Structures are given as structure tokens and as C-alpha cells.
Amino acid sequence: MASSLIADIKQRVIGIVREQFNLELDDFSSEIPPRTELGDLAFPVAFELAKRLKAATGEKKNPRELAAKLAAGLSHIPGVAKVEIAGAGYLNIFFDRTQMFSQLVNQFSTTGHRPPTTDKIIVEHTSINPNKAAHIGHVRNSVLGDTVVRILKATGDNVETHNYIDNTGVQVADVVVGFMHLENKSLADIQALAEREVTSRADSFDYYCWDLYARVGQWYEEDKTRLAIRAQTLHEIEAGNNATSEIGEFISSKIVDCHLDTMARLDISYELLARESEILHLHFWAHAFEKLKASGVIVFETEGRNKGCWVMRAEERVGDGESGRAGEESEHDADKIIVRSNGTVTYTGKDIAYHLWKLGKLGLDFYYHPLRKDHRGNDVWITTGDDAAASANRPPFGNGTAFLNVIDVGQSYPQANVKKAVMLLAATEEEKSKVSRSAHLAYEKVTLSADAAKELGVESDGAVSMSGRKGLGVKADDLIDRLEANALKEVQARHTDISEEEQKNIAHKIAVAALRYFLLKYTRTSIIAFDFKEAMSFDGETGPYIQYSAVRANNIFRKLGRPPNDVQGDLASATAEQINGFFAGESGNDLWSLVYFAARLEDVARLSADAFEPTHVAKYAFQLAKQFNLFYHHHHILSETDDTRKMLLLLVADVARRTLEQSLALLGIETPERM
RNA sequence: GCGCCCGUAGCUCAGUUGGAUAGAGCGUUUGACUACGAAUCAAAAGGUCGCACGUUCGAGUCGUGCCGGGCGCACCA
């Protein structure tokens, strides 16, 4: 919230340096001092200045003396209470606590905004192969994507959320093979299986397919010639309009339903499900091919290893130049084949076509119809290749200015090629700069700790990769069930006076908090070794811990008998001297550090949005919760006898409470009324 | 061979564009509840930030070279 103030101070410093030292300073860094006593903002600018002066005049200057000269010129800035020199030459700024606090009390959105824009960023996440139940690794993708969407929206972006459905891929084919060749089931049999009433999670259709998929993998292992059946099945699914593709269509649609149900439990939804079958049948590739050829992004090789292929060439060709051994090709070639010599297109080619559509550059569109309502009551749309089934009044999907793809880090190479091709096709510099915001939001996988693997029946020394092929993994619904059951036990032990329905509702929110925070507390590039004990914990650095501190804050107001927004109006009854006194001294420093930390949500949200890294918000929320708990223990508000002090303590609690709830909301975590 | 990621406390991990005394959770030890509900808090112990040079007033952060681990580099998706 202090960003304009920071910019103001920087301009002043640059002016002083220009006047007194005849030097033109560029932008310089600011930081937050390690302790509240040192101020709210620090500029190490005197160190830089000393270096510049030495370079200009050859004379060595003491940074501390330089800082003093700068400080002298920084008096009387509105919002700044004090400027000090500290350490070896830090210029430390103390904000006007009374003014900032008053602003914060009356400010309701603290996440900040970008300037209004018509730009639209299309975020694709989840994109699970629709052939079996979702596991914890898939959930990492969905939670990351969903949280990035929340943070981007909160900081002012227009976002459209897609979930890509690879309904014509090998993984679907494998389950089709399982039903047709291992179980000799007809479409009607499979439909009966999928739609029967089940009482146990283990009997649900996506769990059934989970096991079947593993059995098919085993079946191929026993006799490799059976892989020919897979190839044939895949071919029929891709072609469409046959008995096999109908089975594939049914299975994948049913599993997509299961996935949507699973994700809804974590408060995750989508605006559009884009299916691969449409990309195939509506001939997206043929259009993209013409554009790529016409623009020279891909070229036809008439000689060499890639003879007969259309390739996208790497910028720097291996073996070029005089010093290199020209003609002798390296073992690996950086050029990417887009169309094979037999005329078929590679996955990267299809993905380029899809991404040209995302940016409105393909000249073709899907047909759409609403698939179902999500848990919030909004329509979830899905693509269709059948214009007769299309809905006329659909939202304006696609035509984004940039895309963001949440896909595991293993896909970095093809993703880089997709972005490269799309950038090469951008027409203007302006468009290029907008498209360049596109990114592959790469994240590392979730593996199983040795303990978790053991619990699932696999002995190992260290972490073990999950494997759908082997049927090894922690299913999302199982984990959520366990979290909810554990949370319910805790809630029941604490709250016997509320209905079972309400208890379950609270337990659900706690379970979601635990799981989402567990997946967000790690940076994207860190491999998560999944451990049941850690993931199921409600203590320490966990979602429920943060919820608990927000609930504590709420409890103060409930006990008080007044809602927070009522208390906010009381601030006017305090004089500036009273508020100054409140924030003075050692105790005042502690109170101020909580308030000042709460004021930083906007900066953190922005940092998180720019880096597409939700963990910054997660870590911030936890630190804020910790600080609030500290405050909670130091100050027993309701027994405070000084009315003004009590009122100000309530307002501090309210600022923390609001910021905690907003931070949690950015993480997709709700704050229960009680817990 | 080339490219990317990781290496920080016993374990799991944070650490803005280089900044002040390297942090947190778990675990261990020891304390604090007839309550704004202890799903909490306080305290202690625990570090050659993989190694070595270099750049800098200043390096966990930047550069180079090693060591160790993971993943890519298909006319697979």
C-alpha cells in the first residue's frame, strides 16, 4: 500500500543526488529492515552513491556521511514521520503510523489492481487424462492453477480458465482395451457399471478404471504383441464414428464428470473444457499448417536427417560456422519436427494449432454447449464438433492475449516450442509483447515418501514415483475423505453444541485448507515427497493453523457482541495523539509490526502474480497468522480497561482478521465461523 | 555431448532486483490452559548455506569450474 510513497521518496533522493553531487542516479532498491525498531523502509542507496562518487572523482566517501546528507533533504514528506541513518549507511524511513493505520482500517481491498485492460489471459490447468481417478499429483496441478487464477483475478487480470481434455489419447485407449478385451464388455455393460448405485468410494467408476488401467499395463507386459491392439484401438478412437470410439467417448466423458466432482470438493472449477477430439475433427491442424508454412515458421527439409519433414528450426544451427565441424551432425538435433515424413502431425504441431486458437489466430472455432453447473452454480462449457448440438448464446471463449499453461516440468521442451511458434506468428511488436506474457507454469511432480509407499504396499529405501500404469498413487478423493474424517473428529471434540451438518461443513473447510496449503507451501520447482503424516497435519505450518488464527480473531468480535465493521467506525473517536501513543514505545512497535505486515498483502499478491508463484501468498498468510497469534497472547483485548486502547486493539485485530481472510481466499481456503 | 531444476539445521523446506545478526515447520528437551477455546504460545539445543576460485563496500543470492541427485534433449503423447 506504500508503493506510491516509496516512489515519491526515491524521486526526492534522485533529486538530491542530482543537486548536491551532480550525479544522475537510476532506480535503486529499497528493502524492509529486519527489525521494526529500524524503521519501515530502508534504502542502501548511500553505498551505491559512494561507489559512483569514487568512480567520478576518485575520492573515497563515507556512506554514512552521504546518507546523512540525503536524510537532511528528506524532511517533511507527507506520510513519513522520521528518517534515520543506521548501520554502515542505511537510510531508514519511518512511516506515519497513525496515518497509515487510519487508511488501513478504512480500506477493504488490499490486494491491489492493475490498470483496467481488455487483455485476457487464458489459464489452462488440471488437464488430467480422462481414464482413471485423479491422484495427488494431479491435484497439485489443479490447486496451483486455481490459485494462480485467484491471484491474477485479485490483482486485476481478466482470466479465462480452461481444462484440456485429451479424450482421444493413448491412456483412454488403454482403458477401452481393458473393457473390450480383458472384460469383454459392451458399451451397455460399461454404461450399467458406470451408472449403478454405489455405497463405497472404492466401487466408483473412476476407481474401477484406475484398477483396470493398471491391469491393462500388466496385460501388455505379459505379451508385447498385444500393443498392436492398443494401436488399433487408438486409431479407431481418433477416427471417430465407430463402436470403439463410442466406448472411448463414454468412458472419457464419465471420468471427466468424476474429475469435476473431485475438484469441486476443493472449490476448483473451469469455464471451458476443450477436447482433443474437436481439435482433430474440426481440422485445427490443417489451418495451422497453412499459416506456419506461409509465414516460414516451419520449413520443409529436402536433405539430411530430417529429409521429408516439416521442421521448426532452432535459432543456432549445430555445426554451422567455420570453426565448427560443419556437416558433421551432433548426436541430438535442436530442430523440432512438426510434420513427419509420412505426412502425419506430431503432438507439438497439434498443440501449436490449439494455442493459435487460444490467441484467436487460427481462423477457426469450436462449437460449444453447457455441460453442467459447477458447485457455485456457474455453467461449465465443453467443446463439441457437432454444430447441431452447439449453443448459440455462449460466452466469448478464446481470443486471449496470452496463455498460461500449468503443466509438469517434464513438458518444458515441447512447451518452449509451442511458445516459440506462437511468438513467431505474432504480427506486431505490441502483440508480441502481449503474447510474451504467456508462460509454461512448470511444476515438479509429487512422489511418495518411503513411508507413504509402504502404506500403499511398496517397500523402498527412498521416495517412489507414482505410476498410473502400475496403479500406484494416492487418490485425491481418498485423501480428502481421510482429511475430512480427521477434521470431523477434532470438531466434534470441541463443538458439541452445533448440528452434525454444521460440524461436517467446518470439517470440510478444514480438510480443504490442509490439502491446499500442503500443496502450496512448496515452491513450484520443489519435488514434493508426499507423506501422509505431514499432509494430514493440522498443526504448525498448515492451512488449519492459519484458519484458526482468523477464527480466533472472529471470536473476539463474537464475544464482544459487535461485528467488526461496526467497530471500524469507532476510530474517529480517538485523537491523533492517542493513536500515536498507542503505537509508541516497545509495545507500540510490536503492535505496529503486525499492522505493517498486514499492509503488505498487496505487494505480496503482486509479486506472486508476476512470478506465477502462489507460494509467496501461502508463506505470507502463515507468517501473518503467526504474528497475529503472538499479538493475541500479548494482549487480552476484552479485559482491557482503557476504552480507547481497547478500541484500538480491536481495530488492529480486525485489520489482521481481514487480511488473513483475504490471504486465505487467494489460496482458495474459506475461513469457518468456528473451529 | 547439450539444456533445465535441485543441493541451506537431525528431517521437510523458505529466503524479492545482491544488503544489516541466514529463517520457519516437524522432531527433541523444558515451561504456560476453571479460556477473546492450548488446532495455541514461550524458551533451549541444532548451520564451514555441496566444494573451490572470482566479481563487489557487501554473496545463500551473481560469474566460472568441479562434486552429488532429478528430469529433458523421439519422424511418442
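The chains referred to below are lettered A, B, ... by the order of the sequence lines, with proteins before strands, and numbering in each begins at 1. These numbers were taken from a predicted model, which means no experiment stands behind them.
- Taking atom C1' in both G27(B) and G10(B), the straight-line distance is 8 Å, to the nearest Å.
- Partners of P63(A) under the side-chain contact (heavy atoms from CB on, under 4.5 Å) rule, at least two apart in sequence or in another chain, are A46(A), F47(A), A50(A).
- Ring geometry for F289(A) versus W285(A): interplanar angle under 30°, hence parallel rather than tilted (30 to 60°).
- Here CD of E661(A) is found 4.0 Å from OG1 of T671(A). Values are rounded to the nearest 0.5 Å.
- Between V345(A) and A493(A), the one whose closest nucleotide on RNA chain B sits nearer the 5' end is A493(A).
- The P atoms of G65(B) and G3(B) are separated by 9 Å, rounded to the nearest whole Å.
- Separation of the C1' atoms belonging to A52(B) and G68(B) is 15 Å when rounded to the nearest angstrom.
- The CG atom of D539(A) sits 13 Å away from the C1' atom of C41(B) (whole-angstrom rounding).
- The distance from atom CD1 of I298(A) to atom C1' of C75(B) is 14 Å, rounded to the nearest whole Å.
- When rounded to the nearest whole Å, the span between CD of E444(A) and C1' of G70(B) equals 7 Å.
- Using a 4.0 Å heavy-atom criterion, one finds that H635(A) contacts the bases of the nucleic acid, with or without backbone contacts as well.
- Remark: P of C75(B) and CD1 of I338(A) are 11 Å apart, rounded to the nearest angstrom.
- Heavy atoms of H495(A) sit under 4.0 angstrom from at least one base atom.
- Looking at heavy-atom distances under 4.0 Å, Y632(A) makes contact with a base.
- To the nearest whole angstrom, the two P atoms, one in A59(B) and one in U21(B), are 11 Å apart.
- Side-chain N or O atoms of N306(A) include none that pairs as donor or acceptor with a backbone N or O of C309(A) at under 3.5 Å.
- Applying the side chain to side chain donor-acceptor pair (under 3.5 Å) test to pairs two or more places apart or on separate chains, none has a residue in residues 41-66 of chain A.
- If you run side chain to side chain contact (heavy atoms under 4.5 Å, CB included) between L144(A) and each of L519(A), T126(A), L520(A), only L520(A) comes through.
- With respect to D27(A) and K10(A), a salt bridge is recorded, a charged nitrogen being found less than 4.0 Å from a carboxylate O.
- Among the atoms of the strands shown, only primed sugar atoms or phosphate atoms (P, OP1, OP2) are found under 4.0 Å from some heavy atom of L630(A).
- The nucleotide whose nearest atom lies closest to any side-chain atom of L638(A) is, among C75(B), A77(B), C36(B), C36(B).
- Residue L591(A) forms a side chain to side chain contact (heavy atoms under 4.5 Å, CB included) with just one option from L648(A), T36(A), L649(A), and that option is L649(A).
- With hydrogens and angles left out, the side-chain atoms of S277(A) and N167(A) include a donor and acceptor closer than 3.5 Å.
- The CG atom of L651(A) sits 20 Å away from the P atom of C36(B) (whole-angstrom rounding).
- In this structure, H633(A) atom NE2 and G37(B) atom P are separated by 11 Å, rounded to whole Å.
- Comparing the P positions of C26(B) and U40(B) gives a spacing of 8 Å, expressed to the nearest Å.
- One finds a salt bridge joining E278(A) and R275(A) here, because a Lys/Arg side-chain nitrogen approaches an Asp/Glu carboxylate oxygen to under 4.0 Å.
- Across C6(B) and G60(B), the matching C1' atoms stand 14 Å from one another, rounded to whole Å.
- To the nearest angstrom, C1' of A77(B) lies 11 Å from CZ of R230(A).
- The interatomic distance linking E490(A) (CD) with G37(B) (P) rounds to 17 Å, in whole Å.
- At a threshold of 4.0 angstrom between heavy atoms, the contacts of T346(A) are confined to the sugar-phosphate backbone, with no base atom among them.
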- Task: Let me have a per-nucleotide readout for nucleotides 13-23 of chain B, 5' to 3', with B, S or -, counting only protein heavy atoms under 4.0 Å.
- Result: SSSBB-BBB--
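- C71(B) sits 38 Å from U29(B) when the P atoms are compared, rounded to a whole Å.
- Helical stems involving RNA chain B, defined as 3 or more consecutive Watson-Crick or G-U pairs under 3.5 Å, span B:1-5 with B:69-73, B:10-13 with B:23-26, B:28-32 with B:40-44, B:50-54 with B:62-66.
- For RNA chain B, the neighbouring residues in residues 545-555 of chain A, judged by any heavy atom under 4.0 Å, are Y545(A), Y548(A), R552(A), N555(A).
- Contact check, R674(A) against C36(B): no side-chain N or O comes under 4.0 Å of OP1 or OP2.
- Side-chain contact annotation: N629(A) with R552(A), donor-acceptor N/O pair under 3.5 Å present.
- Contacts of K646(A) with the nucleic acid, taken as non-hydrogen atoms under 4.0 Å apart, are absent.
- Considering only residues two or more places apart in sequence or on other chains, Q415(A) meets the side-chain contact (heavy atoms from CB on, under 4.5 Å) condition with D351(A), N405(A), I407(A), Q411(A), H440(A).
- A distance of about 29 Å separates the P atoms of G58(B) and A14(B), rounded to the whole Å.
- Across all strands shown, V172(A) has no heavy atoms under 4.0 Å from either base or sugar-phosphate atoms.
- S30(A) contributes no side-chain N or O that, together with a main-chain N or O of F43(A), makes up a donor-acceptor pair within less than 3.5 Å.
- Look at E490(A) and R494(A) and you find a salt bridge, because one of the NZ, NE, NH1 or NH2 atoms lies within 4.0 Å of a carboxylate O, short of that distance.
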